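Fair warning: this is a prediction, and the values are worked out from it, not measured in the lab.
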Amino acid sequence: MLKTSMSTPNRIEINRANAQHSTGPKTESGKQRSSLNALRHGLTGQIVVMPSEDLEAYQLHLKSFTEEYNPQGATESNLVQALADASWRLNRVAALETNLLILGITHECDPIAGALAIAAALESQSKALANLSMHSQRLSRQFERTVTQLRALQEIRLAKEKYDLSGLLDIMEMVESTGETYDPSADGFVFSQPQIDAAKRARRRERLALEAYAA
């Protein structure tokens with residue numbers, strides 16, 4: 001089971017703070033090597049949102065996944081977080097690939113750069129693209145595994161909720177038939193009133209459908 005060790009807002013802020021405190025190369029050649037190495041650091045490390053990226057955009061990105069999967073409990077929330085992170089990094093891979101391709105075209109069209117320099121740059125570009133492809137495949141597999149895990153977990157939860165709600169309605173109908181009132185929480189049920197009301201409506205519709213079919 002995928003896990004995270006802290007809440008989402010705190011982790012995002014700490015990741016960004018750590019990334020901003022990191023030091024980098026000063027020379028142009030060093031910066032070029034670092035830009036290629038950054039492909040690895042930005043796709044495999046603990047930092048999810050890089051300093052150059054928009055934190056608000058990431059939060060909206062995470063919100064879209066939360067709204068889609070509506071996680072319940074810490075485990076589902078962590079899995080949704082992992083999905084959003086993998087998807088965010090996959091989007092970064094696509095952007096980095098585009099930037100590398102543009103950089104390669106620029107080198108090829110540069111009349112000042114020597115042939116050896118151009119060849120070296122293209123070789124570095126080729127290696128970086130291969131590295132990105134590897135990370136893209138890894139992240140895609142991670143995303144697919146997490147989706148499968150999350151859906152299986154939610155199917156189990158929803159099936160259990162349906163079973164427990166059905167049992168609760170049976171008890172409520174039995175108690176109410178005697179004219180007494182019933183408190184579901186007294187028996188350990190934790191369903192909200194809207195959930196109970198929705199289950200009652202669903203049961204009434206099922207009974208009406210059965211009656212109509214029998215007639």
K.L.:
With sequence neighbours left out, write down each residue that passes ring pair (Phe, Tyr, Trp, His ring centres under 6.0 Å) with Phe65, or none if nothing qualifies.
P.N.:
His61
K.L.:
Would you compute the distance between atom CG of Leu139 and atom CG of Leu90 and round it to the nearest 0.5 angstrom?
P.N.:
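With rounding to 0.5 Å, CG (Leu139) is 4.5 Å from CG (Leu90).
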K.L.:
Hey, is Glu173 close enough to Arg207 for a salt bridge, meaning N to O under 4.0 Å?
P.N.:
yes
K.L.:
Look at atom CD of Glu56 and say whether more than 12 heavy atoms of other residues, nucleotides or ligands are closer to it than 6.0 Å.
P.N.:
no
K.L.:
For the CD atom of Glu76 and the CG atom of Leu153, what is their distance to the nearest 0.5 Å?
P.N.:
5.0 Å
K.L.:
Just checking, is any N or O donor in the side chain of Gln137 or Ser133 under 3.5 Å from an acceptor N or O on the other one?
P.N.:
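Yes, because at least one side-chain N or O of Gln137 sits under 3.5 Å from a partner of the opposite role on Ser133.
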K.L.:
Does any pair with a residue in residues 184-196 pass salt bridge (Lys or Arg N to Asp or Glu O under 4.0 Å), and if so which ones, sequence neighbours excluded?
P.N.:
none
K.L.:
Among Gln193, Gln195, Lys200, which residue satisfies the side chain to side chain donor-acceptor pair (under 3.5 Å) criterion with Asp197?
P.N.:
Gln193
K.L.:
With the threshold set at 4.0 Å, does a side-chain nitrogen-carboxylate oxygen contact exist between Arg203 and Asp170?
P.N.:
yes
K.L.:
Phe189 and Leu165: side-chain contact (heavy atoms from CB on, under 4.5 Å), yes or no, with the steps?
P.N.:
CA-CA 9 Å; Phe189 291 106; Leu165 268 172; over 6 Å; no
K.L.:
Would Arg89 and Asp85 pass as an ion pair if we require N to O under 4.0 Å?
P.N.:
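So Arg89 does not pair with Asp85 through a salt bridge.
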K.L.:
To the nearest 0.5 Å, what is the distance between CG on Leu96 and OG on Ser136?
P.N.:
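That separation rounds to 11.0 Å.
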K.L.:
If you take all heavy atoms of Tyr69 and Gln154, which pair is closest and at what distance?
P.N.:
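Taking Tyr69 first and Gln154 second, the nearest heavy atoms are O-NE2, 2.8 Å.
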